[in-house]
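A quick write-up on the structure given underneath.
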2 protein chains.
Amino acid sequence: MRSTMNVNTAKRHAVVESPYGPLTLVATDGVLSGLYMTGQRHRPADESFGERVAAEEAPFPEVVRQLAAYFAGELTAFDLPLRLEGTDFQRSVWDQLVRIPYGDTWSYGELAARLGKPNASRAVGLANGKNPVGIIVPCHRVIGASGGMTGYGGGVDRKVRLLAFEAGDRD
Amino acid sequence: MRSTMNVNTAKRHAVVESPYGPLTLVATDGVLSGLYMTGQRHRPADESFGERVAAEEAPFPEVVRQLAAYFAGELTAFDLPLRLEGTDFQRSVWDQLVRIPYGDTWSYGELAARLGKPNASRAVGLANGKNPVGIIVPCHRVIGASGGMTGYGGGVDRKVRLLAFEAGDRD
DNA sequence: CGACGGCTGGCGGTTTTCCGACATCAAGCC
DNA sequence: GGCTTGATGTCGGAAAACCGCCAGCCGTCG
């Protein structure tokens, strides 16, 4: 065990309600760096989210505002500063995710091809699963080449609901 | 490769002359964290030493002063703040090193015994070799149980000279 | 005898390597 | 339609390798 550690990045988090259950919002140095659902795979330990604060503290109000508009079907493109921490490859994948239009879907292979690595579809799946900011970075818009849901950190059922909602199903 | 890295610890270094050749002094956050000789084993890459500054900048003058006194035979115990970064075990070993009196020597096994791990003598040798602050943290005062020099990051010849000097040989 | 040299086996922390597991997909072959 | 194979990046854990050691055992040689 190393005895010196990295305590320089100031993290804080808040928890808000949503149609998909409680969402944990994490901010690093005042910029949104995480959005996690309950029971989500690869969700970091709660201790790593820093101090819990009220959702009224910056930068959370603006995040909550846009999320509410999205869930109301009135917002189709988030406009928020993000702090995405990961490997170069992961960041390149996440950068592509935000280019997938609302209501549309890509396959893992398509996304891999856009990166110039047509064979990296499997690696794309992995990086997708590590997306730290669910919903806002729309990893749910990536599905199997033959239309299968194949997987979702927050559970495939949530993925189905998100896609159906974006497709216009309002039941 | 990770794309976010640790740039929080401000490192700087200076190079000074000595009877044992040039010494590279490294400071982390204004505290001495390294002293390396030329050709030393396990010496980190020079890039990791940060910007090179004049030996007149803090905290180096005090370090140089005490080193000069040591090489003149007038100082037998350094009194400097140190920043020793390593594993728990390594730090426990280095903590013992500074307790070896000037002119004295311990065996690797003796040092291991002081840690309550009488069988860890070999691991002590390893940790000894990783000592980041040569001379001031006197890893040269540890020798084989049967008196052999067995090894030294800066070369066994330097170890022999250091020990002879501390024993009072002034030729 | 005793001192000394060389071999051997076991010791323990750290580093390196390796392997499997995955939110895939196309091609090739039944 | 099914089933196998290979390419891909990351992570976690297992295993092995690396050593600034040391005690015990056995020779050899004065």
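What's counted below: heavy atoms across the whole structure, side chains too, no hydrogens, waters or symmetry copies. In the text below, chain A, chain B and the rest are named by the order of the sequence lines, each starting its count at 1.
One N or O on the side chain of B:Arg91 and one on the backbone of B:Leu84 form a donor-acceptor pair closer than 3.5 Å. Between the side chain of B:Asn131 and the backbone N or O of B:Val137, at least one donor-acceptor pair lies under 3.5 Å. Listed for the B:Lys130 side chain is no donor-acceptor partner under 3.5 Å among the backbone atoms of B:Gln90.
Nearest approach of A:Glu166 to A:Arg141, heavy atoms of both residues: OE1-NE, 2.8 Å. In plain terms, the two heavy atoms of A:Ala127 and A:Phe89 that are nearest each other are CB-CE2, 4.1 Å.
For A:Thr87, the side-chain atoms get nearest to D:dC11 when compared with the rest of D:dC11, C:dG12, C:dA23. Taking every side-chain heavy atom of B:Leu126 into account, C:dG13 is the closest of D:dT8, C:dG13, D:dT10. Side-chain proximity of B:Phe89 to the nucleotides C:dG13, D:dG20, D:dT10 is greatest for C:dG13. Side-chain proximity of B:Ala145 to the nucleotides C:dA26, D:dA23, C:dG13 is greatest for D:dA23. Taking every side-chain heavy atom of A:Ala123 into account, D:dT8 is the closest of D:dT8, C:dC25, C:dA23.
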| said: Counting Watson-Crick and G-U wobble pairs with both distances under 3.5 Å, what is the dot-bracket string for DNA chain C, 5' to 3', using [ ] for crossing pairs and | for pairs to another strand? | reply: ||||||||||.|||||||||||.|||||||
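Atom P of nucleotide D:dC21 and atom CE of B:Met149 are separated by 13 Å, given to the nearest angstrom. In this structure, A:Tyr108 atom OH and C:dA26 atom P are separated by 14 Å, rounded to whole Å. Atom P of nucleotide D:dC11 and atom CG of A:Asn131 are separated by 15 Å, given to the nearest angstrom. In this entry the distance linking CG of A:Leu111 with P of D:dA7 reads 22 Å, nearest Å. If you measure from atom NE2 of B:His42 to atom P of D:dC19, you get 8 Å, rounded to the nearest angstrom. For the pair B:Trp106 CH2 and D:dG20 P, the computed distance is 21 Å after rounding to whole Å. One can place CH2 of B:Trp94 at 12 Å from C1' of C:dG13, the figure rounded to the nearest angstrom. What separates CG of A:Asp88 from C1' of D:dT8 is a distance of 16 Å, to the nearest Å.
Among the heavy atoms of the strands lying under 4.0 Å from B:Asn119 are primed sugar atoms or P, OP1, OP2 only; no base atom is included. Across all strands shown, B:Gly148 has no heavy atoms under 4.0 Å from either base or sugar-phosphate atoms. Using a 4.0 Å heavy-atom cutoff across all strands shown, A:Ser121 reaches at least one base atom of the nucleic acid. No engagement by A:Val124 is indicated, since no non-hydrogen atom pair under 4.0 Å with the nucleic acid exists. Within 4.0 Å (heavy atoms only), A:Gly129 reaches at least one base atom of the nucleic acid.
Considering OH of B:Tyr36 and CG of B:Asp46, their distance stands at 10.5 Å, rounded to 0.5 Å. The NE2 atom of B:His140 sits 5.0 Å away from atom CG of B:Leu162, with the distance rounded to the nearest 0.5 Å.
Results of the side chain to side chain donor-acceptor pair (under 3.5 Å) test with A:Thr24 over A:His13, A:Arg52, A:Arg43, A:Gln40 single out A:Arg43 as the only residue that passes.
Distances shown here put every side-chain N or O of B:Ser146 at or beyond 4.0 Å from the OP1 or OP2 atom of D:dC22. Proximity of B:Lys117 to the phosphate of C:dG13: a side-chain N or O atom is located under 4.0 Å from OP1 or OP2. Distances shown here put every side-chain N or O of A:Thr150 at or beyond 4.0 Å from the OP1 or OP2 atom of C:dT24. Taking 4.0 angstrom as the limit, B:Arg122 places none of its side-chain polar atoms (N or O) nearer than this to OP1 or OP2 of C:dG10.
A continuous path of hydrophobic side-chain contacts links A:Tyr102 to A:Val63 [ILVMFWY only; heavy atoms under 4.5 Å].
Rounded to the nearest Å, the gap between the P atom of C:dG5 and that of D:dG20 is 22 Å.
Side-chain atoms of A:Tyr152 and base atoms of C:dA23 include no donor and acceptor less than 3.5 Å apart.
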